[in-house]
Engineer: 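Structure below; questions to follow.
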Number of protein chains: 4
Amino acid sequence: MNSISELVSMPDVQGAYDRRAIALDQVGIKRLRYPIAIRARDGTVVSTVAYFSMSIALASDRKGAHMSRFIQALESSSRVFDPEAFATFASEMVQRLEADAGQVEVTFPYFRRKRAPVSGIESLMDYEVSLVARVRASAVALSTKIVVPVTSLCPCSRDISEYGAHNQRSHITLTVEGALLPTIDTLINVAESSASSELYAVLKRTDEKFVTERAYDNPRFVEDLIRELAIRMDADTSIDRYAIEVENFESIHNHSAFASVARTREPR
Amino acid sequence: MNSISELVSMPDVQGAYDRRAIALDQVGIKRLRYPIAIRARDGTVVSTVAYFSMSIALASDRKGAHMSRFIQALESSSRVFDPEAFATFASEMVQRLEADAGQVEVTFPYFRRKRAPVSGIESLMDYEVSLVARVRASAVALSTKIVVPVTSLCPCSRDISEYGAHNQRSHITLTVEGALLPTIDTLINVAESSASSELYAVLKRTDEKFVTERAYDNPRFVEDLIRELAIRMDADTSIDRYAIEVENFESIHNHSAFASVARTREPR
Amino acid sequence: MNSISELVSMPDVQGAYDRRAIALDQVGIKRLRYPIAIRARDGTVVSTVAYFSMSIALASDRKGAHMSRFIQALESSSRVFDPEAFATFASEMVQRLEADAGQVEVTFPYFRRKRAPVSGIESLMDYEVSLVARVRASAVALSTKIVVPVTSLCPCSRDISEYGAHNQRSHITLTVEGALLPTIDTLINVAESSASSELYAVLKRTDEKFVTERAYDNPRFVEDLIRELAIRMDADTSIDRYAIEVENFESIHNHSAFASVARTREPR
Amino acid sequence: MNSISELVSMPDVQGAYDRRAIALDQVGIKRLRYPIAIRARDGTVVSTVAYFSMSIALASDRKGAHMSRFIQALESSSRVFDPEAFATFASEMVQRLEADAGQVEVTFPYFRRKRAPVSGIESLMDYEVSLVARVRASAVALSTKIVVPVTSLCPCSRDISEYGAHNQRSHITLTVEGALLPTIDTLINVAESSASSELYAVLKRTDEKFVTERAYDNPRFVEDLIRELAIRMDADTSIDRYAIEVENFESIHNHSAFASVARTREPR
């Protein structure tokens with residue numbers, strides 16, 4: 001269907017000169033779903049399915065990016081990522097696209113095995129995790145974002161009521177940047193311990209009693225939850241910048257309560 | 001731009017004969033957003049924004065439907081709907097499309113003013129409501145679907161714990177069919193009274209104490225909630241068929257508990 | 001924390017007698033995310049991440065289901081599924097919950113390697129697949145649902161325009177039931193070949209020319225697309241029942257065009 | 001139910017002193033759905049349904065925000081907004097919550113009547129619009145965000161193919177900040193004119209021919225579309241800052257192409 005001459009003569013539309021002189025921050029692809037694996041610090045490799053957003057900064061004189069090369073970069077990689085491998089992948093992608101800067105964001109469900117607090121029965125909990133690698137002038141900055149579902153129990157409802165207290169599922173979204181980031185598991189642990197209770201897939205009756213009472217013993221406004229976590233982030237000097245948002249899917253309202261805070265560490 | 005001769009000569013591709021002899025159940029448009037108004041039985045008219053799905057049954061020998069006519073039908077209508085006006089609109093749409101059968105589904109947020117249970121402070125609660133009109137052989141069958149957010153409080157958690165009980169937001173989805181359907185408000189009332197507590201946008205502290213204790217006094221499994229509502233639906237002889245689904249966004253898990261039941265009344 | 005006497009004395013709230021005499025169609029859990037693997041007919045095993053909905057039919061005299069057992073059933077299984085293993089899993093789950101009937105639905109992204117049509121460059125395409133097993137009186141009925149994204153090009157736009165034709169991404173949702181279902185790959189093949197063109201993750205310029213011209217050479221209304229596929233389903237006697245919906249995310253409108261058809265084969 | 005003494009004695013948990021010394025950027029509510037009306041510059045008032053996010057900055061020594069006051073602020077307002085009324089509402093909300101800073105974001109579908117380009121038939125197009133008011137030290141900064149769906153037609157596909165060109169629906173998301181912002185309609189006009197074609201709800205055959213050929217005559221990469229719009233934003237000196245993202249829901253892929261740019265005007 002395509003002769004060699006035709007192939008040779010096809011115009012490189014994207015590679016053309018652009019006279020509008022407007023540089024673009026990001027040009028690329030998003031919502032690309034691909035299977036990947038995550039390698040933990042202990043060497044364990046876990047399979048998951050990710051959404052990728054991959055982009056380059058486009059110079060003001062270039063008409064466009066060669067979009068197919070983003071996926072070819074992914075195909076050429078091992079698709080097994082730890083922070084180092086992910087940073088290398090981002091750098092190579094930027095080179096392949098002949099750009100000076102670029103960004104890869106990969107978002108995936110991350111599972112970890114948990115033991116129910118009393119019965120010890122095991123099951124998996126799922127968390128949404130994103131890794132972002134920003135490449136500028138051959139340096140790569142990494143950040144990690146996790147969404148941790150927890151229980152929050154309202155201190156006001158508890159204090160003013162004869163019995164009971166409203167509680168609900170909440171989402172803690174924690175983003176951290178820095179040269180030596182904590183592991184995903186460490187970040188999840190810190191987030192879960194800031195809440196009224198953590199969640200589990202399997203709870204038997206003895207466990208349900210335990211988590212019900214633990215939540216009642218640890219009431220937390222959305223403001224408390226975010227402050228408890230902020231204190232922990234402030235204390236970790238490996239973190240250069242963090243942002244936290246907590247959202248409570250209120251059980252007594254049809255809207256959410258939320259709080260957010262972002263802090264950048266002063267350079268020493 | 002288009003001469004009359006050009007207009008006249010444009011082929012009516014959709015109106016052509018189709019030799020494949022396959023009748024289609026529904027052909028039409030969906031995800032069309034349009035502003036409408038709902039007229040209550042007391043004459044009050046409330047503005048809202050709806051998503052429409054509009055379709056006809058396509059005869060086996062017709063190549064296609066004239067899709068633009070669906071929206072022209074909507075443009076020609078008053079877009080102020082009560083059950084009668086909605087049924088008339090569906091009939092006229094089927095005629096305009098030169099079909100024997102068709103269906104309109106309109107989904108919109110419905111608001112009602114509520115007084116907080118102790119302080120009496122007023123605010124609006126939102127509910128997702130769908131009306132469906134099915135036209136067959138010039139008869140129109142109507143159904144109403146409502147999604148009512150409520151509080152559910154777990155009886156097991158309450159019974160086995162020294163104090164507290166996990167609770168959460170739940171969604172009751174109730175669909176009813178029949179010749180003389182209850183009003184949207186009546187259906188919401190029945191659904192809300194089947195739960196551990198109803199929800200409000202504004203609750204002051206005295207109200208929060210009230211709803212916290214009310215939920216604790218009315219524990220409901222997802223199975224209880226659906227059965228309480230089913231009893232009420234069974235008792236209403238104006239309803240020919242109903243379907244209920246209840247989903248609890250569990251505050252101690254990252255998944256939902258759910259239950260469903262559908263019943264058709266035996267013809268008398 | 002819990003003495004044995006406490007464990008023994010904890011009331012089995014869910015196991016209690018229910019006097020309301022209302023049987024429920026489904027009681028269970030949904031939106032549970034778990035990693036699984038799919039075994040193809042050639043033995044290949046592919047890792048993915050699934051959402052589970054698991055339920056039993058609840059007898060009218062039983063207060064509730066023991067929700068934690070659903071996940072324990074999943075934990076006890078291999079979580080590697082082919083149709084046979086999936087049917088066995090559903091049966092065992094119903095037994096473990098001490099029910100007469102039940103249902104498992106598992107939805108996951110399914111990937112397959114594709115070669116671009118001219119350059120031959122390989123990449124993965126993702127499809128949303130659901131398997132459903134319905135257990136009734138120890139028999140298990142299976143169904144498969146796939147969502148296949150394709151290109152549709154409008155025949156009317158092509159015929160009436162001097163040049164060009166509007167086209168867009170479309171979703172074909174195909175559900176099939178039967179004793180010996182076609183494989184996921186076979187179903188995808190049939191769906192893709194009913195469209196104006198199939199999709200690919202990577203297309204180089206020679207491929208882009210090819211798919212652009214192929215779509216123009218194969219214009220399809222939403223009605224054509226669904227009829228082409230229905231003809232193929234009618235011809236496959238292993239299929240007892242099928243349902244198809246096609247939705248075009250119209251490039252010239254902000255709403256979708258859609259068509260649907262469902263057919264049950266007459267028993268021989 | 002509550003005696004006056006009980007009311008008086010209820011602890012003000014949110015108003016208490018917080019010893020953790022962590023100020024929070026935002027504390028408030030989100031996903032609150034409420035009916036509102038938008039007043040255009042010509043005085044026309046249009047009803048719609050909005051989602052609100054309302055927050056204050058929380059001082060480091062205050063335990064929490066009084067969440068119910070956000071909705072009471074909304075209830076006390078006219079809920080008819082133009083930029084001035086919206087800024088006033090945000091200021092009053094911050095005062096009511098006894099804070100120094102705060103933010104209101106309201107997102108709603110915005111409709112405008114369009115005439116099909118040849119037949120002149122009228123219908124409504126919907127756009128997602130957000131208004132944000134940021135209150136700091138009694139000054140209010142406003143921004144407007146619009147999501148405009150359009151058609152994009154690929155220049156590369158057109159140039160390399162004998163006939164046809166792939167095209168698709170795209171979303172232009174444009175955010176502008178400044179003292180005297182352009183109207184919503186002006187922003188939509190500029191965004192639509194940067195694309196290969198604008199969209200309509202109703203198109204008759206003569207119109208469909210027109211928009212098909214117009215798109216073919218105006219091919220635009222995602223990079224072209226964003227640059228055309230950036231040029232227009234650069235030229236409007238009333239705009240202090242803008243951010244644009246364009247996403248193409250590619251008709252030949254199952255992922256999106258996208259581009260983004262943000263620019264802040266140098267102070268004169």
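In what follows, every chain begins at residue 1, and chains take the letters A, B, ... in the order their sequences are listed.
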Engineer: So which part of C/Phe258 gets closer than 4.5 Å to some heavy atom of chain B, the side chain, the backbone, both or neither?
Structural biologist: both

Engineer: For C/Ile71 and B/His255, what are the C-alpha separation, side-chain angles and deciding distance, and is it a side-chain contact (heavy atoms from CB on, under 4.5 Å)?
Structural biologist: CA-CA 11 Å; C/Ile71 301 164; B/His255 58 263; 3.3 Å; yes

Engineer: I need the C/Lys30 NZ to B/Ser256 OG distance, nearest 0.5 Å.
Structural biologist: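 Spacing of NZ (C/Lys30) from OG (B/Ser256) equals 7.0 Å.
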
Engineer: side-chain contact (heavy atoms from CB on, under 4.5 Å) between C/Glu247 and B/Arg31: does it pass, once the steps are laid out?
Structural biologist: CA-CA 10 Å; C/Glu247 177 173 2; B/Arg31 299 185 211 274; 2.5 Å; yes

Engineer: Anything in residues 222-230 of chain B with a heavy-atom distance to chain C below 4.5 Å? Please list those residues in order.
Structural biologist: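 Hits under 4.5 Å: B/Val222, B/Glu223, B/Asp224, B/Ile226, B/Arg227, B/Glu228, B/Ala230.
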
Engineer: With a 4.5 angstrom heavy-atom cut-off, which part of C/Phe249 approaches chain B: side chain, backbone, both or neither?
Structural biologist: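 For C/Phe249, side-chain heavy atoms alone lie under 4.5 Å from chain B.
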
Engineer: So which residue, C/Asn248, C/Leu58, C/Ile29, ends up with the most heavy-atom pairs under 4.5 Å with chain B?
Structural biologist: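 Highest number of heavy-atom pairs under 4.5 Å: C/Ile29.
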
Engineer: Could you check which of C/Asp159, C/Ile22, C/Val27 has the highest count of heavy-atom pairs closer than 4.5 Å to chain B?
Structural biologist: C/Ile22

Engineer: In terms of heavy-atom pairs under 4.5 Å with chain B, which of C/Ala259, C/Ser260, C/Ser53, C/Cys156 leads?
Structural biologist: C/Ser260

Engineer: Tell me, for C/Ser60 versus chain B, whether the close heavy atoms (under 4.5 Å) come from the side chain, the backbone, both or neither.
Structural biologist: backbone

Engineer: For B/Asp100, does the CG atom sit with more than 12 other heavy atoms under 6.0 Å from it, leaving out its own atoms?
Structural biologist: no

Engineer: Show the nearest heavy-atom pair for residues C/Ala23 and B/Val261, with the distance to one decimal.
Structural biologist: O-CG2, 3.7 Å

Engineer: Flag yes if more than 12 heavy atoms outside C/Asp234 fall under 6.0 Å of its CG atom; otherwise flag no.
Structural biologist: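 Counting other residues, nucleotides and ligands, CG of C/Asp234 exceeds 12 neighbours.
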
Engineer: Could you pull out the closest heavy-atom pair between C/Ala21 and B/Arg263, with the gap in Å?
Structural biologist: O-NH2, 4.3 Å

Engineer: Contact part of C/Ala65 toward chain B, heavy-atom cut-off under 4.5 Å: side chain, backbone, both or neither?
Structural biologist: both

Engineer: Give, as side chain, backbone, both or neither, the part of C/Ile244 having an atom under 4.5 angstrom from any heavy atom of chain B.
Structural biologist: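 Nothing of C/Ile244, per the 4.5 Å heavy-atom cut-off to chain B.
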
Engineer: Does C/Asn254 reach the side chain of B/Leu32, with side-chain heavy atoms less than 4.5 Å apart?
Structural biologist: no

